[in-house]
Amino acid sequence: MLRRSFLGAVGALGTSVVSAPAWSQASSGPVSDLKLVYGFATGGTVEAVLQRIAPGLQGTYAQAIKLDSRPGAAGLTAARQVSSAPGDGSVLLTTPTSSITLVPQIARGDALRQQDFKPVITIGSAPICFVVGPAVPAEVRTLRDYLRWVELNPDRSGFGSPGVGTGSHLIGAALGRLAQVDLRHVAYRGAGPAAEDLMSGQLPAMSMLLGNYLPRAATGRLRMLAITGATRSRYVPAVPTYAELGFGLLTELENYAMLMPASASTAQAEQLADLLRKHLTRPETVKALAEIGVDPVLDTPEDLSASLSREFGVWREVVEKVGLKRA
């Protein structure tokens with residue numbers, strides 16, 4: 001477990017922090033101390049999203065903000081903690097929505113339900129991409145090249161992901177099943193460690209979120225071969241979508257959402273959503289999220305609830321077609 005203060009996280013971005021106005025303890029609005037829980041190791045996209053969102057809540061919603069990393073079970077550990085937290089608005093979950101819509105479908109034990117949370121807002125969305133590193137020969141330039149190379153080199157068929165049950169894991173596993181190529185999944189505790197092994201050549205390939213690729217793209221050591229989404233990403237326009245390459249099932253984007261415990265009030269969720277929508281429309285926030293390949297989504301709690309229901313059905317179809325077993 002690693003706890004990081006909000007000021008330390010923002011300082012890592014090189015962002016100056018302006019003293020926030022003091023809120024009266026008698027105030028019925030903003031909370032005094034806010035804990036932003038996320039379910040992955042530090043150094044990944046979820047933490048990076050939080051670092052860009054937390055400034056919008058400083059002073060307007062909370063006096064003090066702490067980022068709280070609770071990695072484990074593809075985000076399920078953190079989600080369970082928040083689902084049972086007090087509904088006073090002092091504990092929030094920031095998570096890829098696949099932790100709520102996909103992981104419970106394949107995880108052993110008690111499954112979380114969408115009803116265990118009060119939806120607040122979809123912070124943004126990002127594609128999942130398939131990337132190879134220096135362990136894969138330079139002449140492998142396309143996804144078809146890679147699949148042929150794996151068939152000839154089955155001992156190098158490993159692909160990494162941030163963990164079992166993540167959207168990145170399922171997309172990579174589905175690629176192998178649909179292409180009828182034996183891709184071996186290598187699970188990590190977060191995208192950061194996996195990406196470092198990919199860069200060093202210890203891991204041949206990785207199914208990762210775009211935000212984990214972009215900061216490393218300038219090194220020239222990584223090659224992106226495919227990306228999810230209905231259309232190509234504006235951040236990597238030369239990279240074809242899975243659908244273009246004949247894998248039409250693999251279009252789902254990863255969404256980052258803010259959720260409260262189910263016991264929180266609708267008024268609390270709407271107030272928080274209003275604050276975050278304002279923050280997400282600021283040019284500096286849009287620019288900061290673009291650095292990690294995330295496009296803001298300005299929805300409402302009701303919109304997010306409907307999106308989670310739709311996404312559950314999409315992932316269920318993929319799980320059934322891929323035949324992914326419970327972990």
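Starting from 1, each residue takes its place in the sequence as its number.
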Legend entry - Where at least one partner belongs to residues 224-259, residue pairs that pass ring pair (Phe, Tyr, Trp, His ring centres under 6.0 Å), sequence neighbours excluded: none
Inset, instruction - Could you go through the side chain to side chain contact (heavy atoms under 4.5 Å, CB included) check for Ile123 and Val49 one step at a time? - result: CA-CA 8 Å; Ile123 296 168; Val49 167; 3.9 Å; yes
Inset, instruction - Can you see which heavy atom on Tyr146 is nearest to which on Gly158, and at what distance? - result: OH-O, 4.4 Å
Legend entry - Lys35/Asp33 salt bridge by N-O under 4.0 Å criterion: no
Inset, instruction - Please write out which residues are connected to Phe312 in a hydrophobic cluster, directly or through intermediates, given that two of Ile, Leu, Val, Met, Phe, Trp, Tyr count as joined at side-chain heavy-atom separations below 4.5 angstrom. - result: none
Legend entry - Glu252 with Arg310: basic N within carboxylate O range, under 4.0 Å: yes
Legend entry - Spatial distance of atom OG (Ser90) from atom NZ (Lys66) [nearest 0.5 Å]: 12.0 Å
Inset, instruction - Answer with yes or no whether the hydrophobic clustering places Ile171 together with Ile106; edges join I, L, V, M, F, W, Y residues whose side-chain heavy atoms lie under 4.5 Å apart. - result: yes
Legend entry - Identified side chain to side chain contact (heavy atoms under 4.5 Å, CB included) counterpart of Leu298 within the set Leu280, Asp303, Thr122: Leu280
Legend entry - From CA spacing to verdict: side chain to side chain contact (heavy atoms under 4.5 Å, CB included), Val319, Leu170: CA-CA 8 Å; Val319 167; Leu170 189 57; 3.9 Å; yes
Legend entry - Ser69 and Glu47: side chain donor to acceptor below 3.5 Å: no
Inset, instruction - Could you pull out the closest heavy-atom pair between Pro204 and Val136, with the gap in Å? - result: O-CG2, 3.4 Å
Inset, instruction - Verify, without hydrogens or angle tests, whether Ser157 (side chain) and Pro154 (backbone) share a donor-acceptor contact under 3.5 angstrom. - result: yes
Legend entry - Cationic N near anionic O, under 4.0 Å, Arg234 to Asp295: yes
Legend entry - Derivation and outcome, side chain to side chain contact (heavy atoms under 4.5 Å, CB included), residues Leu253 and Thr228: CA-CA 6 Å; Leu253 300 175; Thr228 63; 4.0 Å; yes
Legend entry - Pairs where residues 152-193 contributes a residue and the test ring pair (Phe, Tyr, Trp, His ring centres under 6.0 Å) is met, not counting sequence neighbours: Phe159-His185, His169-His185
Inset, instruction - Report yes if some heavy atom in the side chain of Leu276 is under 4.5 Å from a heavy atom in the side chain of Leu57; otherwise report no. - result: yes
Legend entry - CG-SG distance between Leu209 and Cys129, expressed to the nearest 0.5 angstrom: 7.5 Å
Inset, instruction - Give a yes or no on whether Tyr61 and Leu50 share a hydrophobic cluster (residues Ile, Leu, Val, Met, Phe, Trp, Tyr; joining criterion: side-chain heavy atoms under 4.5 Å apart). - result: yes
Inset, instruction - Decide yes or no on side chain to side chain contact (heavy atoms under 4.5 Å, CB included) for Thr251 and Thr241, but give the supporting numbers first. - result: CA-CA 8 Å; Thr251 59; Thr241 65; over 6 Å; no
Inset, instruction - Can you see which heavy atom on Val140 is nearest to which on Arg223, and at what distance? - result: O-NH1, 2.7 Å
Inset, instruction - Tell me, yes or no, whether the heavy-atom count around Gln180 atom CD, taken from other residues, nucleotides or ligands under 6.0 Å, exceeds 12. - result: no
Legend entry - Side chain to side chain, Leu198 and Val131, heavy atoms closer than 4.5 Å: yes
Inset, instruction - Looking only at non-hydrogen atoms, find the nearest pair between Leu203 and Ala194 and report the distance. - result: CD2-O, 3.8 Å
Inset, instruction - With rounding to the nearest 0.5 Å, note down the distance linking CG in Asp116 to OG in Ser263. - result: 10.5 Å
Legend entry - Taking every non-hydrogen atom, the tightest pair across Thr60 and Leu275: O-CD1, 3.7 Å
Inset, instruction - Indicate the atoms forming the closest heavy-atom contact of Gly39 with Ala78, along with that distance. - result: CA-CB, 3.4 Å
Inset, instruction - Mark yes when over 12 heavy atoms from residues, nucleotides or ligands other than Arg189 sit less than 6.0 Å from its CZ; otherwise mark no. - result: no
Legend entry - Spacing of Leu92 atom CG and Leu34 atom CG [to the nearest 0.5 Å]: 5.0 Å
Inset, instruction - Supply the atom-to-atom distance Met206 CE to Ile128 CD1, rounded to the nearest 0.5 angstrom. - result: 11.0 Å
Legend entry - Listed partners of Ala217 passing side chain to side chain contact (heavy atoms under 4.5 Å, CB included), at least two apart: Tyr213
Legend entry - Pairing residues for Ala269 by the side chain to side chain contact (heavy atoms under 4.5 Å, CB included) criterion, not counting sequence neighbours: Lys118, Val120, Met260, Pro301
Inset, instruction - Spell out, as yes or no, whether a donor-acceptor pair under 3.5 Å connects the side chain of Ser83 to the backbone of Arg80. - result: yes
Legend entry - Any donor-acceptor N or O pair under 3.5 Å, side chains Asn212, Thr45: yes
Legend entry - salt_bridge(Glu317, Lys321) N-O dist < 4.0 Å: yes
Identify all side-chain donor-acceptor contacts of residues 97-104 below 3.5 Å with residues at least two apart in sequence or on another chain.
from	atom 1	to	atom 2	distance (Å)
Thr97	OG1	Asn255	O	3.4
Thr97	OG1	Glu311	OE1	2.9
Thr97	OG1	Glu311	OE2	2.8
Ser98	OG	Glu254	OE1	3.3
Ser98	OG	Glu254	OE2	2.8
Ser99	OG	Ala74	O	2.9
Ser99	OG	Thr95	OG1	3.3
Thr101	OG1	Thr97	O	3.1
Thr101	OG1	Glu311	OE2	2.6

Inset, instruction - Run the salt-bridge test on Glu284 and Arg52 with the 4.0 Å N-O cut-off and return the result as yes or no. - result: no
Legend entry - Approximate separation, where rounding is to 0.5 Å, of Leu93 CG and Tyr38 OH: 12.0 Å
